[in-house]
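Just below is one structure, and these are the notes that go with it.
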Amino acid sequence: MVRVTRKVEFSAAHFYHNPNLSAEENRRIFGKCNNPQGHGHNYVLEVTVAGEPDPDTGMVLDLKELKDILEKEVMERMDHRHLNYEVPELAGQIPTCENIAAMIWRLLEPRITKGKLDRVRLYESPDLFADCTAAETVEPTPVQKEADRKAQEAGRRAWRDR
Amino acid sequence: MAGPLTSTPSPSKAFQLKLTLTRRYRFAASHRLHSAKFSEEQNQRLYGKCSNPHGHGHNYVLEVTIAGPVDPSTGMIANLGDLDPFVRIQVLDPFDCRNLNEQVAEFRDCVPTTENVAREIFRRLQTFPSARVERVRIEETSKNSFEVADEE
């Protein structure tokens with residue numbers, strides 16, 4: 001198996017705020033990141049696809065295709081955008097490195113048809129990054145399901161009241 | 001502006017996502033590679049320049065990787081407001097601008113190779129209360145790095 005990694009960079013604004021918590025709690029948990037005017041980062045995304053190289057082409061996948069997928073799914077969606085307001089896939093979630101990486105995984109995974117998406121690594125800064133990979137567990141636990149349902153509900157509320 | 005959300009995806013797929021968060025820290029310290037188990041000559045042969053009796057130093061880069069479920073109310077595996085001071089107290093304060101052989105008790109009788117430093121840091125971080133510390137990676141220089149991870 002060979003792993004192929006492609007890198008793209010995008011710049012976006014965000015801030016951290018949970019509408020279900022008090023203003024004081026938001027400040028305590030999120031600190032400076034709670035500033036409602038937002039702030040931004042130069043995100044660096046590394047997408048890794050794993051597979052066997054095709055014997056005819058010598059490629060796991062055509063990097064041009066991956067580049068186009070990243071342009072469409074990531075750059076058009078997030079470059080020079082406000083992640084709290086302009087990316088519906090993140091609505092109801094705090095746009096942390098972890099959540100953005102997971103969202104990018106979900107967008108890309110069905111689009112990769114040659115090889116398999118192996119890892120999404122998202123740098124918020126050179127000193128902080130999140131990795132998203134697929135774990136082997138099949139069914140989410142009831143606790144995870146419940147947490148997911150609550151998050152979804154909070155998301156709908158936040159979106160409605162924004 | 002986008003329409004009503006369909007966001008937080010239902011986890012009905014045949015896999016579950018695994019997320020980790022990695023933070024990079026820096027410290028500078030001196031050390032000397034020398035073992036009392038070997039003769040002077042053996043130390044010289046084995047450790048070469050690194051055995052210089054007065055020691056030498058590095059700008060170490062430390063990567064700490066935490067793993068665990070993402071709390072939906074914060075979007076985080078653990079709050080950096082908790083991780084940063086923990087790493088500072090456990091590792092950076094006692095290691096930064098110190099002589100590892102002389103000033104870190106664990107290296108009195110243990111050679112502070114970066115393998116051993118990585119192990120010691122990994123051990124010191126295991127008590128982090130908010131998430132599992134899964135991996136520690138240290139760059140001794142930009143050319144050498146050492147990694148210790150959970151043997152799960």
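Residue numbers begin at 1 in each chain, while the letters A, B, ... track the order of the sequences. Predicted model only: the values in this text are computed from it and were never measured.
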Please round to the nearest 0.5 Å and tell me the distance separating atom CZ of B:Arg23 and atom OG of A:Ser125. 6.5 Å

So what's closer than 4.5 Å to chain B heavy atoms on A:Cys132: side chain, backbone, both or neither? both

What do you reckon, is CG of B:Asn144 surrounded by more than 12 foreign heavy atoms closer than 6.0 Å? yes

What do you reckon, is CD of B:Gln126 surrounded by more than 12 foreign heavy atoms closer than 6.0 Å? yes

Determine whether B:Leu80 and A:Tyr43 fall in the same hydrophobic cluster, where Ile, Leu, Val, Met, Phe, Trp and Tyr are linked whenever their side-chain heavy atoms lie under 4.5 Å apart. no

If you define the side chain from C-beta out and look only at heavy atoms, does anything of A:Ile94 sit under 4.5 Å from B:Met76? no

Quick check: do A:Thr133 and B:Leu17 have side-chain heavy atoms less than 4.5 Å from each other? no

Polar side-chain atom of A:Glu98 near backbone of B:Ile77 as donor-acceptor pair, under 3.5 Å: yes

Supply the atom-to-atom distance A:Phe129 CZ to B:Thr65 OG1, rounded to the nearest 0.5 angstrom. 5.5 Å

Minimum heavy-atom distance between B:Gly75 and A:Asn99, given as atom pair plus value: CA-ND2, 3.4 Å

Could you tell me whether B:Asn59 atom CG has more than 12 heavy atoms of other residues or ligands within 6.0 Å of it? no

So which part of B:Ile66 gets closer than 4.5 Å to some heavy atom of chain A, the side chain, the backbone, both or neither? neither

Are the side chains of B:Leu21 and A:Leu128 in contact, using a 4.5 Å heavy-atom criterion? yes

Would A:Val120 and A:Tyr123 show up in the same hydrophobic cluster when neighbours are defined by side-chain heavy atoms closer than 4.5 Å? no

Check A:Asp131 with B:Lys18, please: is the shortest side-chain N to carboxylate O separation under 4.0 Å? no

So do B:Thr74 and A:Phe30 actually touch side chain to side chain, heavy atoms under 4.5 Å? yes

Does B:Arg119 CZ have over 12 foreign heavy atoms under 6.0 Å away? no

Checking the side chain of A:Asn18 only, and the main-chain atoms of B:Ser73 only, is there a donor and an acceptor separated by less than 3.5 Å? yes

Could you see if B:Phe95 belongs to whatever hydrophobic cluster contains B:Phe122? Use Ile, Leu, Val, Met, Phe, Trp, Tyr and a side-chain cutoff under 4.5 Å. yes

Chain A: which of B:Arg24, B:Arg26, B:Glu63 shares the most heavy-atom pairs with it under 4.5 Å? B:Arg24

Common cluster, A:Leu107/A:Val74, ILVMFWY with side-chain heavy-atom separation under 4.5 Å: yes

By a 4.5 Å heavy-atom criterion (distance strictly below it), what part of A:Pro126 contacts chain B: side chain, backbone, both, or neither? backbone

Side-chain heavy atoms nearer than 4.5 Å, only ILVMFWY residues, links allowed to pass through others: does that put A:Ile104 and B:Leu19 together? no

